[in-house]
Amino acid sequence: MTYEYILIQTEQKVGLVQFNRPRALNALNREMVSETVAALESFDRDPGVGCMVITGSERAFAAGADIKQMAQATPVDMLDNPFIDYWDRLRRLNKPVIAAVSGFCLGGGCELAMACDMIIASESAQFGQPEINLGVIPGAGGTQRLTRAVGKALAMEMVLNDRRLSADEAARFGLVNRVVPTESYLAEAMKFAAQIAARAPVAIRLAKEAINAVYEMPLQAGLAYERRLFYMLFATEDQKEGMDAFVNKRPANWQGK
Ligand code: HXC
């Protein structure tokens, strides 16, 4: 498959998608988001991939949805061609997805990063939901996921008054996992993803599913769900392998079975 707006590669069981519209600061047009989700779904099906990374450029992860493409849209255009459904498809991926963010991470770009499972930020990353400046509000999770991540007080400031977060603030408020030097942010994210990709694949998949279920269900239901997933892992060869490896003081050899 060839892509026009993204670059892809696989390295150490990590599937990498890199936005490639640098002159538009990786503004998310329909085609780029569609290609991104198609590439991620293909990595998700590939047994040679255990973890995925999405990134942009050092200057911009993504400066938001493409305003020029949206400017003249009607509500019916939006309904007929549901761009935002791609964010839901990202959420449905089985394998972990890490956003490696540098520079501008705004609007739909911030919503895309938040739809990933983890965020590694460069020191120069800047997070914001500036839609209010355009007379609209976030439409792909910016009022919902952001509020769950940073709390109501800060989310209100960010969405109502275009308050931007520096990388350090984003780490302090729990939006990102860690902040790393700008020169090496992608290498750091790839290294982190490779560590996850080397772990027991079925357990990784269910661990991701169980943590994300926190946002969908009440505590008692979540605990019961976690327990069922935990029990289910005792049907895998990897559970037998992992525990035998511990007992016999040797490294485990995961099969993903
Ligand atoms: C289309 C964009 C764009 C965007 C930047 N560009 N952001 N094009 N959509 N979101 C283009 C500019 O038009 C310009 O192209 C080129 O990228 C460089 O941008 P500049 O503005 O010249 O750069 P700079 O002065 O450094 O300012 C950077 C910036 C600013 C602060 C990020 O570009 C900006 O405010 N962009 C818009 C941010 C935003 O409002 N995002 C939310 C979008 S709405 P030309 O050809 O003119 O030189 C949204 C809704 C999501 O995301 C809904 C759910 C999907």
Side-chain angles (χ1 to χ4, degrees), residues 4-7 17-41 54-93 97 99-116 119 121-150 154-167 169-170 175-176 182 185 215:
E4 192 181 343
Y5 292 99
I6 59 169
L7 304 170
V17 174
Q18 183 156 27
F19 303 139
N20 193 22
R21 278 192 91 193
R23 266 174 296 163
L25 303 182
N26 292 324
L28 301 165
N29 63 13
R30 193 175 292 280
E31 297 76 12
M32 190 164 84
V33 179
S34 144
E35 288 185 1
T36 297
V37 172
L40 292 172
E41 287 174 343
I54 311 184
T55 198
S57 66
E58 195 176 303
R59 185 166 174 227
F61 176 75
D66 189 326
I67 299 168
K68 293 166 191 167
Q69 199 174 53
M70 269 185 316
Q72 299 305 322
T74 67
V76 176
D77 293 335
M78 297 284 200
L79 279 168
D80 282 349
N81 215 336
F83 179 51
I84 296 172
D85 286 1
Y86 289 115
W87 276 252
D88 299 335
R89 278 167 62 183
L90 190 70
R91 191 63 276 150
R92 286 198 292 271
L93 295 166
V97 187
V101 174
S102 184
F104 297 113
C105 184
L106 302 176
C110 188
E111 293 171 306
L112 200 73
M114 290 191 294
C116 295
I119 303 177
S122 86
E123 285 160 343
S124 59
Q126 178 195 111
F127 298 83
Q129 297 290 161
E131 288 89 342
I132 201 73
N133 300 329
L134 304 168
V136 292
I137 67 169
T143 66
Q144 303 300 302
R145 289 199 180 99
L146 181 68
T147 306
R148 282 171 161 88
V150 304
L154 188 54
M156 283 284 183
E157 279 193 56
M158 291 176 71
V159 174
L160 276 62
N161 202 29
D162 190 15
R163 158 92 149 87
R164 309 268 171 106
L165 297 186
S166 67
E169 287 177 314
L175 186 63
V176 311
T182 302
Y185 80 99
Y215 298 107

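Atom set for the values below is all heavy atoms of this structure, side chains included, hydrogens, waters and symmetry mates excluded. Atoms within a ligand are numbered from 1 in the order they appear, just like the ligands themselves.
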Could you tell me whether a side-chain N or O of [X] sits under 3.5 Å from a main-chain N or O of [Y], the two making a donor and an acceptor?
| X | Y | answer |
| --- | --- | --- |
| S102 | E58 | yes |
| T55 | A100 | yes |
| Q18 | G56 | yes |
| E111 | G139 | yes |
| E35 | Y5 | yes |
| R30 | N81 | yes |
| D66 | K68 | yes |
| N26 | R21 | yes |

Worksheet item: Quick one: side chain to side chain donor-acceptor pair (under 3.5 Å) partners of Q69, sequence neighbours excluded?
Response: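 With neighbours one apart ignored, the set is E31.
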
Heavy atom of the protein closest to [atom] (residue, atom name, distance):
| atom | value |
| --- | --- |
| atom 7 (N) of ligand 1 | A63 CB, 3.5 Å |
| atom 16 (C) of ligand 1 | R23 O, 3.2 Å |
| atom 50 (C) of ligand 1 | E131 OE2, 3.6 Å |
| atom 6 (N) of ligand 1 | A24 O, 3.7 Å |
| atom 33 (O) of ligand 1 | L25 CD1, 3.9 Å |
| atom 55 (C) of ligand 1 | W87 CH2, 3.6 Å |
| atom 8 (N) of ligand 1 | A27 CB, 4.0 Å |
| atom 12 (C) of ligand 1 | K68 NZ, 4.0 Å |

[atom] protein-contacted (non-hydrogen atom, under 4.0 angstrom):
| atom | answer |
| --- | --- |
| atom 30 (C) of ligand 1 | no |
| atom 26 (O) of ligand 1 | yes |
| atom 35 (O) of ligand 1 | no |
| atom 46 (O) of ligand 1 | yes |
| atom 19 (O) of ligand 1 | yes |
| atom 22 (O) of ligand 1 | no |

Practice prompt. Kindly compute the distance separating CG (L90) from CG (D85), expressed to the nearest 0.5 Å.
Written response: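 Interatomic distance, L90 CG to D85 CG, rounded to 0.5 Å: 12.5 Å.
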
Discussion item. Rounded to the nearest 0.5 Å, what separates atom CD1 in I54 from atom CG in L112?
Written reply: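 The CG atom of L112 is 5.0 Å from CD1 of I54, to the nearest 0.5 Å.
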
Where on [X] is there a heavy atom closer than 4.0 Å to ligand 1, on the side chain, on the backbone, on both, or on neither?
| X | answer |
| --- | --- |
| Q69 | neither |
| L134 | side chain |
| R30 | neither |

Ligand 1 N/O within reach of [X] N/O, cut-off under 3.5 Å:
| X | answer |
| --- | --- |
| R59 | yes |
| A65 | yes |
| G108 | yes |
| I67 | yes |

Discussion item. Applying side-chain hydrogen bond (donor to acceptor under 3.5 Å, both in side chains) as the test, list every pair that has at least one member in residues 133-143; sequence neighbours left out.
Written reply: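 Every pair satisfying side-chain hydrogen bond (donor to acceptor under 3.5 Å, both in side chains) with a residue in residues 133-143: N133-D162.
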
Discussion item. Could you tell me, atom by atom, which parts of ligand 1 come under 4.0 Å of a heavy atom of E111?
Written reply: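 Per the distance check, 51 (C), 53 (C), 54 (C).
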
Discussion item. Distance under 4.0 Å to a non-hydrogen atom of L106: what atoms of ligand 1 satisfy this?
Written reply: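 Here the atoms of ligand 1 in question are 32 (C).
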
Discussion item. Is N133 close enough to touch ligand 1? Criterion: a residue heavy atom under 4.0 Å from a ligand atom.
Written reply: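 The answer is no, since N133 has no heavy atom less than 4.0 Å from ligand 1.
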
Worksheet item: Is the ring centre of F104 less than 6.0 Å from the ring centre of F127?
Response: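 No, the ring of F104 stays outside the 6.0 Å limit from the ring of F127, centre to centre.
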
Fill in: salt bridge (Lys or Arg N to Asp or Glu O under 4.0 Å) between E41 and R89, worked out
CA-CA 8 Å; E41 287 174 343; R89 278 167 62 183; 2.9 Å; yes

